[in-house]
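Read the structure below first, then the notes.
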Amino acid sequence: MGAPAEKRATYQDVQEAPAHMVAQLVDGELNLQPRPRALHARSASVLGGLLEPPLGWGDGGGPGGWVILDEPEIHFGDDVLVPDLAGWRRERMPELPDVVYFELAPDWVCEVLSPSTAGFDRVKKLPVYAAHGVSHAWLVDPAEQTLEVLELSDGRWTMVGAFQGDVPVCAGPFPTVTLPLGRLWTR
C-alpha cells in the first residue's frame with residue numbers, strides 16, 4: 001500500500017484560520033502568514049494612500065477610473081490569494097460589490113515583500129496571478145527600498161522597471177501618476 005494521500009486544503013480551512021494570520025490557498029495547500037510587521041504595513045498603507053486620490057477619485061489632475069483596495073481576498077477557482085493591494089479598472093468593476101471576496105481578477109496587484117513572504121509571493125502567487133490574467137504586478141521591498149514593476153506578456157511576467165530609494169516613479173498601469181517612492185520607506 002502506498003502512503004495516504006494528503007488532504008487538500010479548502011476554503012473552509014481559510015475560514016477557520018486564526019484571526020491573527022493571513023490565510024491563503026494555492027494548489028490545495030494552506031499558507032498561513034502572521035499579519036504584516038510595521039514596516040511592511042506602513043509601506044502598503046502609504047502606497048495605497050498615494051494612489052487612491054489620483055486613481056480612485058481623479059484628485060490633483062489624476063486620471064481616476066480605478067478601484068484600489070487594501071488586502072482584498074480574491075478567489076481564482078480553488079486558489080485564494082490576498083495581495084497587499086489590488087486595483088480594478090472602473091470599466092471592469094463599475095460598482096464596488098458588497099462582498100467578502102472577489103472572483104473578478106484585478107488588473108493590478110502589489111505585494112510588499114518581507115523575508116517570510118517573498119518566496120511565497122514570487123514563486124506561488126505570481127504564477128496564479130498570471131494564469132488568471134492579472135496584467136500588472138508590483139513587488140515592493142521595504143528592506144531594500146525597491147519597487148519592481150512587472151507586466152504580463154504572453155502569459156509570462158516581464159520586468160519593465162526597477163526603482164530604488166527616493167526617486168519619482170511613473171510606471172504601468174498608472175503612467176500618468178508620479179509616485180514619490182521615498183515616502184514608502186519613511187518611518
Side-chain angles (χ1 to χ4, degrees), residues 22 24-27 29 31 33 36-37 39-52 54-56 62-63 65-74 76-77 79-93 102 104-186:
V22 177
Q24 300 180 91
L25 186 60
V26 177
D27 293 329
E29 291 182 31
N31 179 277
Q33 297 284 337
R37 293 178 61 92
L39 293 179
H40 178 126
R42 172 83 174 147
S43 292
S45 296
V46 170
L47 180 58
L50 290 170
L51 293 177
E52 178 59 31
L55 296 171
W66 284 82
V67 174
I68 306 286
L69 297 175
D70 295 337
E71 295 188 344
E73 182 175 304
I74 305 168
F76 297 104
D79 294 329
V80 177
L81 300 183
V82 181
D84 290 292
L85 293 160
W88 290 261
R89 295 177 194 277
R90 280 270 182 205
E91 60 256 18
R92 293 187 58 241
M93 185 188 286
F102 296 87
L104 179 65
D107 296 290
W108 167 81
V109 294
C110 177
E111 296 292 353
V112 179
L113 306 177
S114 63
S116 64
T117 66
F120 183 70
D121 291 341
R122 289 180 184 279
V123 176
K124 296 289 188 173
K125 292 173 82 172
L126 280 176
V128 174
Y129 293 141
H132 292 276
V134 176
S135 57
H136 294 83
W138 287 11
L139 300 175
V140 171
D141 187 333
E144 297 295 325
Q145 297 186 353
T146 60
L147 165 64
E148 296 173 54
V149 177
L150 309 172
E151 286 185 8
L152 192 62
S153 177
D154 297 322
R156 300 182 62 87
W157 291 111
T158 301
M159 185 184 303
V160 295
F163 308 91
Q164 186 171 33
D166 185 14
V167 296
V169 173
C170 295
F174 319 121
T176 61
V177 174
T178 300
L179 175 69
L181 194 61
R183 288 197 190 166
L184 274 62
W185 329 130
T186 303

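What you see below is based on every heavy atom in this structure, not just the backbone, and it leaves out hydrogens, waters and symmetry mates. Start at 1 with the first residue, then count along the sequence.
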Side chains of [X] and [Y] in contact at under 4.5 Å (non-hydrogen atoms):
| X | Y | answer |
| --- | --- | --- |
| Pro106 | Val67 | no |
| Asp70 | Leu85 | yes |
| Pro36 | Glu71 | yes |
| Cys110 | Pro83 | no |
| Leu139 | Arg122 | yes |

Pro127 to Trp157 - nearest heavy-atom pair and separation: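 Closest approach of Pro127 to Trp157: N-NE1, 4.5 Å.
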Restricting to non-hydrogen atoms, name the atom on Gly87 and the atom on Ile68 that form the minimum distance, rounded to 0.1 Å.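 Closest approach of Gly87 to Ile68, heavy atoms only: CA-CD1, 4.0 Å.
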Residues, nucleotides or ligands: over 12 heavy atoms within 6.0 Å of Arg183 CZ: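 Open: at most 12 neighbouring heavy atoms sit under 6.0 Å from CZ of Arg183.
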Applying side-chain hydrogen bond (donor to acceptor under 3.5 Å, both in side chains), can you list everything that pairs with Asn31, at least two apart in sequence or on another chain?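 side-chain hydrogen bond (donor to acceptor under 3.5 Å, both in side chains) list for Asn31, sorted by chain: Gln33.
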Would you compute the distance between atom [atom1] of [X] and atom [atom2] of [Y] and round it to the nearest 0.5 angstrom?
| X | Y | atom1 | atom2 | value |
| --- | --- | --- | --- | --- |
| Asp141 | Leu113 | CG | CG | 5.0 Å |
| Tyr129 | Ile74 | OH | CD1 | 6.0 Å |
| His132 | Asp79 | NE2 | CG | 6.0 Å |
| Glu91 | Asp107 | CD | CG | 7.5 Å |

Are the side chain of [X] and the backbone N or O of [Y] linked by a donor-acceptor pair below 3.5 Å?
| X | Y | result |
| --- | --- | --- |
| Lys125 | Val26 | no |
| Ser135 | Leu152 | no |
| Arg92 | Ala105 | yes |
| Asp121 | Leu126 | no |

Any chance you could lay out the side-chain contact (heavy atoms from CB on, under 4.5 Å) test for Arg89 and Trp66, step after step, and finish with the verdict? CA-CA 5 Å; Arg89 295 177 194 277; Trp66 284 82; 3.4 Å; yes
Given side-chain contact (heavy atoms from CB on, under 4.5 Å), test Val134 with Trp108 step by step and report yes or no. CA-CA 6 Å; Val134 176; Trp108 167 81; 5.8 Å; no
Donor-acceptor pairs under 3.5 Å, side chain of residues 42-49 to any protein atom, not counting sequence neighbours: which ones?
{"residue": "Arg42", "atom": "NE", "partner": "Thr186", "partner atom": "O", "Å": "3.3"}
{"residue": "Ser43", "atom": "OG", "partner": "Leu39", "partner atom": "O", "Å": "3.2"}
{"residue": "Ser43", "atom": "OG", "partner": "Leu184", "partner atom": "O", "Å": "2.8"}
{"residue": "Ser45", "atom": "OG", "partner": "Ala41", "partner atom": "O", "Å": "2.9"}

Show me the side-chain donor-acceptor pairs of residues 158-173 shorter than 3.5 Å, one per line, residues at least two apart or across chains.
{"residue": "Gln164", "atom": "NE2", "partner": "Glu144", "partner atom": "O", "Å": "2.9"}
{"residue": "Asp166", "atom": "OD1", "partner": "Gly182", "partner atom": "N", "Å": "3.4"}

Using 30° and 60° as the class boundaries, would you call the ring planes of Trp88 and Phe102 parallel, tilted or perpendicular?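 Because their plane-to-plane angle lies in the 30° to 60° range, the rings of Trp88 and Phe102 count as tilted.
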CA sep, side-chain torsions, deciding dist, call: Gln24, Lys124, side chain to side chain donor-acceptor pair (under 3.5 Å): CA-CA 10 Å; Gln24 300 180 91; Lys124 296 289 188 173; over 6 Å; no
